[in-house]
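Just so you know, ligand 1 is whichever comes first in the structure, and atom 1 is the first atom listed for that ligand.
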Amino acid sequence: MTVYAHNAIGVLDSGVGGLTVVQEICRQMPHERVVYFGDTARMPYGPRSYEEVRRFALEIIRFLQTQEIKMVVVACNSATAAGIEYYQESCSIPVLGVIEPGVRAALAYTKNKRVGVIGTTGTIGSGAYQKALAREQPALQIIGRACPLFVLLVENDLIDTPEAKIIARSYLDPLKAAGIDTLILGCTHYPLMSGLIQETVGAGVKLVSSAEETASEVKAILAKNGLLNPSRSAPRHSFFVSGKPASFERIGSKLLQQEIRAYQVILER
Ligand code: DGL
């Protein structure tokens, strides 16, 4: 497969979460085109087995490769934790996950060396963040917590409800009590509810999302491979979903501050 600089960046997630990474890609590389796939019919990925998530992610990567892409961003922590090396091995173009960039961002911030990490059941259960953090700084105290209901709050637009506040407190109060100064949002959906998370843990805790760091790494990889798009015209992004597009379009348009249209693609079941 020949790869050209004017090809798009392929991005995938189980739903709208990966759009937080797209937002940052657009900010840092306004001339790059994105082809996005949200597997909304099969989300959430968090409670699924690693084997199943790997299979879904590979199916999506195969689809993205039919769309003239030059690299893949697995903008989903659960899919990254399930097997980023596996996707890298089966692809001839660069494949980047979101866990290593998030770890770097957290290490750059923490002062008291007490770091919290929240994510889906799959991500926290895999120990991927805990291992990556400990490898870099063995003396770090790491408090991990799965927050499985957060993804559903985001996807169903329920963040501003009293129930969401109660759920947030029950997940996050123990982290606050442990005295963390940094909290990794180890799920790409969570930046979409960062207001509620910040309010719950308090202003003294720095929230770290991997979006910014991931986008800088995308830029570095493209530059290294001579694949940064030389065109200066405004890109036309494409959005695909496996479920019904309406709610994805509504949440995505709000986040990206532009009307987005998404097309439904039925993948193999
Ligand atoms: N946004 C995803 C993540 O970063 C997936 C959430 C899910 O589908 O459970 O983990």
Could you walk me through whether R27 and E24 pass the salt bridge (Lys or Arg N to Asp or Glu O under 4.0 Å) test, one step at a time? CA-CA 5 Å; R27 201 182 65 76; E24 200 46 45; 2.7 Å; yes
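- Between F240 and F37, the two ring planes are parallel [angle under 30°; tilted spans 30° to 60°].
- The aromatic rings of F56 and Y45 sit tilted, their planes meeting at an angle between 30° and 60°.
- Two rings, from Y86 and Y50, have their centers 6.0 Å or more apart.
- Sorted by first and then second residue, the salt bridge (charged side-chain N to carboxylate O under 4.0 Å, His left out) pairs involving residues 179-205 (not counting sequence neighbours) are K165-E199.
- With salt bridges taken as basic N to acidic carboxylate O contacts below 4.0 Å, none links R62 and E59.
- Listed by chain and number, residues touching ligand 1 at under 4.0 Å (heavy atoms only) are D13, S14, P44, Y45, G46, C76, N77, S78, T120, V151, C187, T188, H189.
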